[in-house]
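Here's the structure we're looking at; comments come further down.
Numbered from 1 within each chain, the chains take letters A, B, ... in sequence-line order.
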Amino acid sequence: MTKVVTRFAPSPTGYLHIGGARTALFNWLWARKNRGEFILRIEDTDLERSREEMTRAILEAMDWLGLDCDQGPYYQSQRMDLYREYIQKLVDTGQAYYCECTPEEVEAMREQARARGLKPKYNGRCREKNLGPGEGRVIRLKAPLTGQTTFNDLIKGPIAVNNEELDDFVLQRADGTPTYNLAVVVDDATMGVTHVLRGDDHINNTPKQILIYKALGIKQPLFGHVPMILGPDKKKLSKRHGATSVMKYKEMGFLPEAMINYLVRLGWAYGDEEIFSREELIEKFSLENLSKSASVFDMDKLLWLNSHYIKEKSPADLAALLKEYVREFDADLSYLEKIVPLLQPRAKTMVEMAEMAEFFLVADEELQYDAKAVRKFLTPEAREHLQEVVNRLEETKDFGQKELEQILAKYLEDAGIKFKVIAQPIRVAITGKTASPGLFETMEVLGKERTIKRMKRAVFFEG
RNA sequence: GUCCCCAUCGUCUAGUGGCCCAGGACGCCGGCCUCUCACGCCGGUAACGGGGGUUCAAAUCCCCCUGGGGACGCCA
């Protein structure tokens, strides 16, 4: 059995988007599962649109997702000689030819075909002209006029296309650079790629590439076309649907674990299981369980997975992460580490967690009070209770949840009131809001001094 | 327009001819828990696009229709 080699080959014309990330993930998983190799290749043959910063952004996103490669990144822009060599081979063997038609002329041919209700194609005008190299000339593949090109897709099954549908497409542009289809074939072949897993928007390119493999007389890899990811309107996912860049999700406070888990389940399933660790995925991933149909990106489910992984992660790790999301961080990590457990069951994203952590981090005198909360809960009676509770809190040395609970219980008994009566006032006093983690745990983390300071401030606070 | 691909709850999906008057998950609704908000737990809502076949038996196989998506570049 030969070693499995997969690759991810983005073009640096944009950021790594959701769909690309999933394709990369599937390739990565397949390589890892089979103890094969995963190659990263930057497809930058279009020197006009390729941007170096995009390459960096893609690499950064791959890194964030933890999709490490064994080879590369390779750059097609650095392999031009190799492509030229293969193209020359095709010209020499009469399987490719120079064409002097201008883009306008070709467009006219296509227009003509369209007018007759046919598929727009180049009409093969220069096919038998036997032209040599020259200014403005491209090289086209002399594609078969009849017959069928077929392949057995790993995901979709048998696919057949009549060769009449294909035309003599361009292999080398007028500027001497190779086109996508040629470069992909040369690279996949020379890099020993065994499995090409890519978006099914490439399905129509596959027959063309197979024609090149055949013309070159080289072994072709196995192809698998994964379905597209759609927006809620069922159209191909794009900027119109909001964030599509993977790194945007990092910014929005998603964990890479959640991202990976979500992406893999979009188009792949393993029975009824929903949660997968990286190791489980490598063990359980399989091509047979990939679905054939497109799937809709669902933010709610991503959010659910993210909150799951937030609950699962260690407070220490989260504290370190949270640091990046909190504005003006001046406390130390150990303090954040105490806050995090209170927020884990509540925050769905790191951004949310940062917002929820805000009142812990702000200076006591700068704590913002919600006006409505003040009006509703800091009533004159409530303020009296608050003052009484402060008096009792000042006398305690221990400020742990247990002690606090006892002190409050004693006060309730003495004052003859229910906890409900003072719970919200205290909460508003120390957090400024009506919603927060449990009162006692919040007080403990805040500490005696700050809790009391805030409560005292609340007693006389005027909204 | 032409070609290619696809078709189970709103969404992600299980299902590979009988175990399915279709299971899980997200969401949504209701309840429980409760110091608020969450978490958690329990329950509920909701789908095989339509029509023909094949078969003792079809969500599962075949055909047609419809619907959706994609591709038709000297982009990838």
[N], OP1 or OP2 - any side-chain N/O from [X] closer than 4.0 Å?
X	N	answer
A/K156	B/C4	no
A/K235	B/G69	yes
A/K236	B/A71	yes
A/R110	B/C74	yes
A/K234	B/G67	no

Candidate nucleotides [options], ranked by approach to the side chain of [X] - the nearest:
X	options	value
A/A174	B/G70, B/C74, B/U36	B/C74
A/I159	B/U11, B/C5, B/A76	B/C5
A/F419	B/C74, B/C26, B/C35	B/C35
A/P345	B/C35, B/C39, B/C37	B/C39
A/I203	B/G70, B/C72, B/C5	B/C5
A/D200	B/C5, B/C74, B/A76	B/C5
A/K301	B/U36, B/A25, B/G70	B/A25

Using atom [atom1] in both nucleotides, what's the gap between [N] and [M] to the nearest angstrom?
N	M	atom1	answer
B/C39	B/A57	P	50 Å
B/A46	B/U2	C1'	39 Å
B/U34	B/A22	C1'	38 Å
B/C20	B/U66	P	35 Å
B/C62	B/U54	C1'	7 Å
B/A59	B/G23	P	14 Å
B/A14	B/G24	C1'	7 Å
B/C33	B/G69	P	48 Å

Using Watson-Crick or G-U wobble geometry with both distances below 3.5 Å, tell me the partner of [N], or none.
N	answer
B/C35	none
B/A47	none
B/C3	B/G70
B/A59	none
B/U16	none
B/A22	none
B/C9	none

[X] has an atom [atom1]; how far is it from atom [atom2] of [N], in whole Å?
X	N	atom1	atom2	result
A/Q209	B/A71	CD	P	15 Å
A/F151	B/C4	CZ	P	12 Å
A/H308	B/G27	NE2	C1'	18 Å
A/L118	B/C72	CG	P	18 Å

Q: For A/Y249, check ring pair (Phe, Tyr, Trp, His ring centres under 6.0 Å) against everything at least two apart and list the hits.
A: A/F254, A/F297
Q: Please check if the side chain of A/E352 supplies one atom and the backbone of A/K348 the other of a donor-acceptor pair under 3.5 Å.
A: yes
Contact class for [X] vs. all strands (heavy atom < 4.0 Å): base, sugar-phosphate, or nothing?
X	result
A/H202	base
A/V170	sugar-phosphate
A/D167	nothing
A/P437	base
A/E274	base
A/C99	nothing
A/A9	nothing
A/R116	nothing
A/S307	nothing
A/K121	nothing

Q: Kindly state each residue pair satisfying side-chain hydrogen bond (donor to acceptor under 3.5 Å, both in side chains) with at least one member in residues 288-299 of chain A, sequence neighbours excluded.
A: A/S286-A/N289
Q.
Tell me which pairs pass side-chain hydrogen bond (donor to acceptor under 3.5 Å, both in side chains) where either residue lies in residues 45-56 of chain A, with sequence neighbours left out.
A. A/D46-A/R49, A/R51-A/E53
Q: Please tell me if the side chains of A/N152 and A/I159 come closer than 4.5 Å, counting only heavy atoms from C-beta onward.
A: no
Q: Would you verify whether the NZ or CZ of A/K448 falls within 45 degrees of the ring axis of A/F399 while also being under 6.0 Å from that six-membered ring's centre?
A: no
Q: List the steps, then state whether side-chain hydrogen bond (donor to acceptor under 3.5 Å, both in side chains) holds for A/N306 with A/Y262.
A: CA-CA 9 Å; A/N306 204 49; A/Y262 179 70; over 6 Å; no
Q: Verify side-chain hydrogen bond (donor to acceptor under 3.5 Å, both in side chains) between A/D44 and A/Q76, making sure each step is shown before the conclusion.
A: CA-CA 6 Å; A/D44 55 353; A/Q76 290 190 324; over 6 Å; no
Q | Residues forming a side chain to side chain contact (heavy atoms under 4.5 Å, CB included) with A/T431, sequence neighbours excluded | A | A/F359, A/R427, A/K433, A/S436, A/T442
Q: Using heavy atoms to find the nearest nucleotide of RNA chain B for A/G117 and A/N162 separately, return the residue whose nucleotide is more 5′.
A: A/G117
What are the atom names and distances for every N/O pair under 3.5 Å that joins the protein to nucleotides 13-16 of chain B?
| residue | atom | partner | partner atom | Å |
| --- | --- | --- | --- | --- |
| B/U13 | OP1 | A/G267 | N | 2.4 |

Q: Fit a plane to each ring of A/H308 and A/W304, take the angle between them on a 0 to 90° scale, and name the class: parallel (under 30°), tilted (30 to 60°) or perpendicular (over 60°).
A: tilted
Q: Give me the ring orientation class for A/H385 and A/Y411: parallel if the planes are under 30° apart, tilted from 30 to 60°, perpendicular past 60°.
A: perpendicular
Q) Can A/N163 and A/T146 be said to form a side-chain hydrogen bond (donor to acceptor under 3.5 Å, both in side chains), step by step? A) CA-CA 5 Å; A/N163 289 152; A/T146 58; over 6 Å; no
Q: Produce a footprint string for nucleotides 41-50 of chain B: one letter per nucleotide, 5' end first; B if the base is under 4.0 Å from any protein heavy atom, S if only the sugar-phosphate is, - if neither.
A: ----------
**Q.** Gap separating the CG atom of A/D187 from the CE atom of A/M191, nearest 0.5 angstrom
**A.** 4.0 Å
Q) Are A/F26 and A/F285 an aromatic pair by the rule of ring centers under 6.0 Å? A) yes
